[in-house]
J.: 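This structure is in structure tokens; I'll ask about it shortly.
Just follow the structure's listing: the first ligand is 1, and inside any ligand the first atom is 1. As the structure is a prediction and not an experimental result, all values here were calculated from the model.
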Amino acid sequence: MTTTQTPQQSLATLEDRARARPGAYGEHALIACDNLVRIYQSEGIEVQALQGLDLLVDPGEEIAIVGASGSGKSTLLSVLSGLDVPTAGRVRVGPWDLMGMSARERVEYRRSMVGFVWQQTGRNLVPYLSATENVALPQALAGVRSAARRQRAVELLDALGVGYCADRRPGQLSGGEQQRVAIGVALANSPQVLFADEPTGELDSATSVEVFDTLRAANRELGVTVVIVTHDSSVSEHVQRTVEIRDGRTSSEVLRRTHTDEHGAEQVVAEEYAVLDRAGRVQLPADYREALELSGRVRLALETRHVEVWPDRPRPGRHSSTPADGTPQNRQEES
Ligand SMILES: Nc1ncnc2c1ncn2[C@@H]1O[C@H](COP(=O)(O)OP(=O)(O)OP(=O)(O)O)[C@@H](O)[C@H]1O
């Protein structure tokens, strides 16, 4: 039997199908890195700094990106800040496609969409200007009128808890105060994203906590999405989400959330997740691999709600490599 569709029906069918189709990768994210590759050529040697990195950051998140030296953090930050273009992949921040920007668009992107705090305080602040004048400066470059920029500078410094520093120059501020004023400078032109590169690298741990608190205030009270890049893994105590980069790829995440127990007391729970990339690859943490001596080939078993990973170890007196303490149904056995 054949059915005939009216033009309206077929149009409705097409629309339904289009709506049911999965959206583009990361379409609701503010920052979407899709399979980013960055290859450096240095004296005939190729270095793959980013090796297919995927990362999504939602609007309003505060995240930290951590990783050992050489893992690719600075390369990723250079790409996201519009200073460098990846070799392959796609990267979008808000409406800006960072792969296809002209030089002029890059300047505009850096001026209006993103703000920066660098590790070296000298790079963030002009030494002969007061804190207020430092925060007013980027606004002047963006064409904001004098009275309005001064008012915003004062309000920003107050909101960040460093209003008392307003009339002091950087040389009259502690390292922590300088970085907190620098956060004000970064937020001067109301960017949607704040990138902080090792913002506490030159500070002791007590002062670092104050800077993290200020970044949190920027995130929670002013609604700015905050991305902190650091090699300091203790940062995960100060943010809700920590993404670890290993060998140029996102490898694991720590998520912190507040849990209320049966007595009404609030507890912070931190859970570690592995990251499954879009090709289905997952990196097992080193301590898991070492505990079970997992290496090379492993056996997978699909269970109703989880996947098991077994060492591929022969049992004494057997030819098969079925694990000694269970019989997983692997894919080969099922088919
Ligand atoms: N301009 C460049 N030319 C050649 N190789 C580079 C260049 N920049 C980075 N690399 C290499 O790319 C890899 C990733 O470097 P990257 O600086 O992104 O790592 P990182 O995690 O930021 O390290 P660190 O914490 O030490 O700054 C390293 O092997 C590095 O040597």
J.: Pick from L160, V211, D213: which one makes a side-chain contact (heavy atoms from CB on, under 4.5 Å) with R180?
T.: V211
J.: Please, which pairs that meet salt bridge (charged side-chain N to carboxylate O under 4.0 Å, His left out) have at least one residue in residues 246-255, sequence neighbours excluded?
T.: R241-E253, E244-R246
J.: What are the two closest heavy atoms between N134 and P138, and how far apart are they?
T.: O-CD, 3.1 Å
J.: Residue by residue, ordered by chain and number, which ones reach under 4.0 Å of ligand 1 with a heavy atom?
T.: Y40, S42, V47, A49, A68, S69, G70, S71, G72, K73, S74, T75
J.: Can you pull out every salt bridge (charged side-chain N to carboxylate O under 4.0 Å, His left out) where at least one residue sits in residues 91-116? Sequence neighbours excluded, please.
T.: none
J.: Show your reasoning for whether side-chain contact (heavy atoms from CB on, under 4.5 Å) applies to N189 and L141.
T.: CA-CA 10 Å; N189 287 329; L141 298 175; over 6 Å; no
J.: Kindly write out the residues that satisfy salt bridge (Lys or Arg N to Asp or Glu O under 4.0 Å) with E271, not counting sequence neighbours, or none if the list is empty.
T.: R257
